[in-house]
Amino acid sequence: MTRSVTYSMNVSLDGYIVGPDGSFDWSAPDPDVFRFWIDEIREVGVHLMGRRLYETMLYWETANQDGSLDEAELEWAALWNPLPKVVFSTTLSEVQGHARLASGGVAEEIERLRAEPGEGDIAIGGATLAAEAAAAGLIDEYRAVVYPVLVGGGIPFFPRDERRVDLELVETRTFNEKFVYLRHRVVRQPTDR
């Protein structure tokens with residue numbers, strides 16, 4: 001069975017993962033949403049990310065040494081740290097932990113990972129990298145936790161490539177009557193992939 005490629009992020013109601021000022025402080029997860037992301041990461045076999053997300057997530061490489069973490073944060077760190085990560089960057093010369101720099105483009109990397117034995121989803125984090133994978137028709141599922149905020153611009157969750165992609169809603173969930181999870185599967189035509 002082919003490993004699924006999933007793109008999961010928190011997103012504002014107007015469709016952005018980062019606001020126009022570069023901040024995403026509005027997307028700090030509430031405890032139920034954080035628990036959801038912990039459960040989601042258990043299904044991931046490898047995580048692909050760009051430099052910005054990699055640098056943001058570096059905190060978790062040593063977070064277990066932070067005495068102020070709660071039980072859920074320690075659980076996240078215990079799952080995140082050993083997870084294989086592939087970082088796409090033209091400016092980094094090295095990465096830390098269980099990460100490696102990608103040797104090629106995202107399409108080549110996904111095809112290579114799908115050809116290797118392995119379990120779990122191939123997760124993509126970051127809009128720029130996801131847009132490249134989407135343009136190549138490689139994303140199988142879009143997963144978004146929608147936050148009740150309008151940020152007015154910034155980095156969009158969905159690529160703006162004016163390409164139609166038919167989707168099938170496969171799951172929804174509401175957290176604290178405030179946040180909504182939407183999981184859509186890409187509808188493939190028999191001629192696709």
Side-chain angles (χ1 to χ4, degrees), residues 4-30 32-34 36-37 40-41 43-44 46-60 80 85-92 99 102 104-110 113 121-176 178-189 192-193:
S4 289
V5 176
T6 63
Y7 172 39
S8 305
M9 298 285 291
N10 293 332
V11 61
S12 66
L13 184 60
D14 55 350
Y16 297 94
I17 62 168
V18 174
D21 61 355
S23 76
F24 51 91
D25 58 344
W26 51 268
S27 69
D30 93 337
D32 289 343
V33 173
F34 193 59
F36 169 77
W37 287 124
E40 283 285 296
I41 203 71
E43 304 300 318
V44 173
V46 61
H47 205 289
L48 312 183
M49 63 184 72
R51 180 193 53 82
R52 283 185 297 222
L53 182 59
Y54 167 74
E55 290 174 343
T56 299
M57 297 302 287
L58 265 178
Y59 164 77
W60 293 103
W80 179 258
K85 299 161 199 80
V86 180
V87 181
F88 292 80
S89 174
T90 56
T91 58
L92 294 175
V106 69
E108 295 85 6
E109 191 66 40
I110 289 171
L113 289 167
D121 293 334
I122 300 169
I124 294 180
T128 303
L129 195 59
E132 190 178 331
L138 295 172
I139 295 181
D140 298 305
E141 288 191 6
Y142 291 89
R143 301 173 180 180
V145 175
V146 181
Y147 276 63
V149 61
L150 303 174
V151 298
I155 298 174
F157 178 84
F158 291 105
R160 305 289 193 236
D161 61 3
E162 298 181 17
R163 180 176 150 264
R164 178 180 167 153
V165 177
D166 293 319
L167 303 172
E168 170 189 17
L169 180 64
V170 292
E171 184 180 356
T172 63
R173 193 179 304 180
T174 303
F175 303 97
N176 296 325
K178 188 173 181 181
F179 310 97
V180 178
Y181 170 65
L182 300 170
R183 178 178 162 209
H184 287 86
R185 184 174 299 130
V186 174
V187 175
R188 304 257 184 231
Q189 301 305 319
D192 292 346
R193 230 180 346 122

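Just so you know, residue 1 is the first one in the sequence shown, and it goes up from there.
Distance check, rounded to the nearest 0.5 Å: NZ of Lys85 to CE of Met57 gives 8.0 Å. One distance of note links CD1 of Ile155 with CE of Met9; it measures 8.5 Å at 0.5 Å rounding.
Considering all non-hydrogen atoms of both residues, Phe88 and Gly104 come closest at CE2-O, 3.5 Å. Pairing each heavy atom of Tyr54 with each of Leu92, the nearest pair is CD2-CD1, 3.8 Å.
In this structure, Glu40 and Tyr181 have side chains that are in contact, with non-hydrogen atoms separated by less than 4.5 Å. At a threshold of 4.5 Å between non-hydrogen side-chain atoms, the residues Phe24 and Ile17 do not count as touching. Val145 places none of its side-chain heavy atoms less than 4.5 Å from the side chain of Arg173. Counting heavy atoms from C-beta outward, Leu113 and Leu48 have side chains that approach closer than 4.5 Å. Side-chain atoms of Arg143 and Asp121, non-hydrogen and from C-beta on, do get closer than 4.5 Å to each other. For the pair Ile122/Glu109, no side-chain contact is recorded, criterion being any heavy-atom separation below 4.5 Å from C-beta on. Taking the side chain as every heavy atom from C-beta outward, Ile139 and Val165 never approach each other to under 4.5 Å. Inter-residue side-chain proximity for Arg51 and Thr91 is flagged as met; some heavy-atom pair is nearer than 4.5 Å.
The ring-ring contact (aromatic ring centres under 6.0 Å, His included) test applied to Phe157 returns Tyr7, not counting sequence neighbours.
Checked options Val11, Leu167, Thr6; the residue passing with Tyr142 is Leu167 (criterion: side-chain contact (heavy atoms from CB on, under 4.5 Å)).
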